[in-house]
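Working notes, structure below.
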Amino acid sequence: MDSFGPFILLILMFFQWTAAPTAGEVTWTYSGLVGQSEWSEYFPECGGTSQSPVDVTTTKTRYNPDLKAVTPLGYSQHGNRPFSLHNNGHTVVIELPEWMGLRGLPWLFTAVQLHLHWGSGGPSHGGSEHTINGQSADAELHVVHYNSELYPNMSAAMTQRDGLAVLGILIVTGEETNPGFDNILNYLSRIRHADQKAFIPAFDVQSLLPKDLGRYYRYNGSLTTPPCYQSVIWTLFRERVQISKAQLLKMETILYSSKSDEPDRMLLQDNYRTTQPLNHRVVFTSFSAESGKELSSGEVTAIVVGVMCGCVGLAVIIRFIVKTIRFFKLLHLETVVVNSSTSSWDVLHNNRPAPMPRLKEPEKEKEKKQDVALNSTSAAEKKEEPSPSPQSEP
Ligand SMILES: *[C@@H]1O[C@H](CO)[C@@H](O)[C@H](O)[C@H]1NC(C)=O
Ligand SMILES: *[C@@H]1O[C@H](CO)[C@@H](O)[C@H](O)[C@H]1NC(C)=O
């Protein structure tokens with residue numbers, strides 16, 4: 001038995017030695033020698049059936065009312081310690097302090113890092129990893145967390161189902177500068193080359209997120225880079241954040257994927273993976289189709305017109321009601337008057353038509369109105385001393 005010990009050790013060492021170059025040492029890229037289509041040759045999980053990113057076809061999503069808003073924990077309590085900014089040759093990474101986390105998932109998750117994905121052609125040329133109905137955004141932010149309730153650290157969690165939770169934030173360009181993103185973009189020139197690191201002032205990480213954290217897409221997926229572990233609970237927010245075109249240009253053109261000692265400088269661009277097949281997975285939404293539907297300008301016009309018509313209609317109805325009330329008040333007055341002279345009515349009852357036929361009511365109302373207008377006497381007085389008007393009726 002003793003002679004087996006070293007033998008087994010030797011076998012283990014041999015496997016480690018052969019395994020190392022395929023898994024750890026291979027430098028993968030987005031295009032080129034070990035490009036996206038080759039990833040799975042070196043990282044088998046990249047060829048799995050629950051890969052990310054995906055295209056979200058909104059008509060095929062399923063509403064899940066149990067999905068509550070995700071709550072970032074401590075994102076705004078950045079403290080005084082600077083953040084580390086790192087160009088790893090694939091993206092820019094900021095390590096996050098361990099007191100930052102995420103609530104609102106079945107477990108508590110602890111923040112690890114955030115990073116970005118972008119394109120190369122300015123606005124409307126792709127750049128995001130996830131797409132919505134086939135439409136790319138200009139860039140995408142990922143905030144990575146590990147399941148700290150079930151696992152002791154990131155490396156233990158990243159290979160496990162439900163081990164990671166990533167927030168995906170789609171970025172589009174607009175007119176205004178987003179000050180939150182300047183906390184990163186203004187320092188990219190310090191880490192232009194791969195493997196460079198810099199410390200930057202800590203900042204409010206929540207300022208990078210959209211306001212609406214209640215509406216999102218949720219599905220089970222993977223890391224979008226090798227080794228593509230299928231361990232990620234994805235939360236892709238419906239609301240997109242905006243940065244300026246100048247900010248996007250900084251993101252797309254400052255960094256190199258090549259190291260400082262490499263003779264050929266390679267811009268770090270188009271660091272996004274193409275969308276992967278859903279393979280029977282369902283993308284759930286935390287919002288129902290109605291509340292999530294964006295209104296077209298035609299629908300907005302229809303609603304405005306509808307509301308205006310409604311208001312006019314309401315005004316007409318109110319006017320009618322007020323008129324009717326006024327009329328019945330007057331009618332009441334007359335009834336009182338009529339009752340007080342019952343004796344003569346009784347006597348004449350058989351010869352006379354039914355009192356106050358419907359057709360004549362409007363006329364009576366008019367008369368009565370005039371009476372009221374002319375006689376400044378109050379209704380109360382009128383009740384006490386009946387006016388002679390009923391007798392003047394035909
Ligand atoms: C992570 O946790 C595992 C399991 O407890 C441990 O073996 C490993 O050393 C830890 N890794 C780091 C980087 O702390
Ligand atoms: C993810 O997979 C787990 C099983 O591991 C399942 O319980 C859960 O409902 C799935 N979530 C989504 C959003 O599909």
Side-chain angles (χ1 to χ4, degrees), residues 12-13 15-16 19-20 23-25 45-46 48-71 84 86 88 93-115 129-133 140 142-170 197 212-238 275-289 292:
L12 282 176
M13 280 171 70
F15 270 104
Q16 269 205 312
E25 304 299 316
E45 291 224 31
C46 296
T49 54
S50 298
Q51 289 290 293
S52 292
V54 296
D55 175 49
V56 177
T57 309
T58 51
T59 53
K60 290 184 182 155
T61 57
R62 197 181 299 164
Y63 171 49
N64 181 353
D66 297 332
L67 295 178
K68 301 286 177 276
V70 292
T71 312
S84 86
H86 178 206
N88 67 6
V93 184
I94 293 179
E95 281 168 37
L96 295 175
E98 61 188 11
W99 65 78
M100 293 188 187
L102 206 57
R103 204 172 48 201
L105 288 150
W107 303 274
L108 193 71
F109 284 79
T110 296
V112 181
Q113 52 109 315
L114 63 80
H115 62 264
E129 298 216 290
H130 289 91
T131 57
I132 309 286
N133 297 324
E140 188 168 331
H142 290 162
V143 192
V144 182
H145 309 73
Y146 79 92
N147 186 332
S148 47
E149 257 184 68
L150 297 186
Y151 307 105
N153 54 45
M154 172 69 179
S155 33
M158 72 191 297
T159 56
Q160 308 295 319
R161 188 168 268 286
D162 301 324
L164 305 181
V166 182
L167 302 182
I169 294 106
L170 296 173
K197 226 172 195 177
D212 184 0
L213 302 180
R215 294 185 202 180
Y216 56 81
Y217 303 101
R218 167 70 48 78
Y219 77 99
N220 286 331
S222 74
L223 300 175
T224 63
T225 58
C228 308
Y229 295 135
Q230 301 187 148
S231 53
V232 181
I233 302 173
W234 274 97
T235 302
L236 182 68
F237 292 111
R238 194 188 76 108
T275 55
Q276 304 294 305
L278 265 180
N279 296 324
H280 308 299
R281 281 177 292 174
V282 177
V283 177
F284 292 93
T285 62
S286 67
F287 53 95
S288 61

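Values in this document were obtained by computation on a predicted structure and should not be read as measured data. Atoms within each ligand, like the ligands themselves, are counted from 1 in listed order.
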Got a list of side-chain donor-acceptor pairs under 3.5 Å for residues 101-113, not counting sequence neighbours?
from	atom 1	to	atom 2	distance (Å)
T110	OG1	S148	OG	2.7
Q113	OE1	H115	ND1	2.8

Listed by chain and number, what are the side-chain hydrogen bond (donor to acceptor under 3.5 Å, both in side chains) partners of D66, not counting sequence neighbours?
none
Could you tell me if the ring centre of Y217 sits under 6.0 Å from that of F287?
yes
Given a heavy-atom cut-off of 4.0 Å, could you list the residues near ligand 2 in chain and number order?
R161, R218, Y219, N220, F284
L236 side, atom CG; T285 side, atom OG1 - distance, nearest 0.5 Å
12.0 Å
For K68, enumerate each residue passing the side chain to side chain contact (heavy atoms under 4.5 Å, CB included) test, keeping only those at least two apart in sequence or located in another chain.
none
Between the main-chain N or O of T224 and the side-chain N or O of S52, is there a donor-acceptor pair closer than 3.5 Å?
no
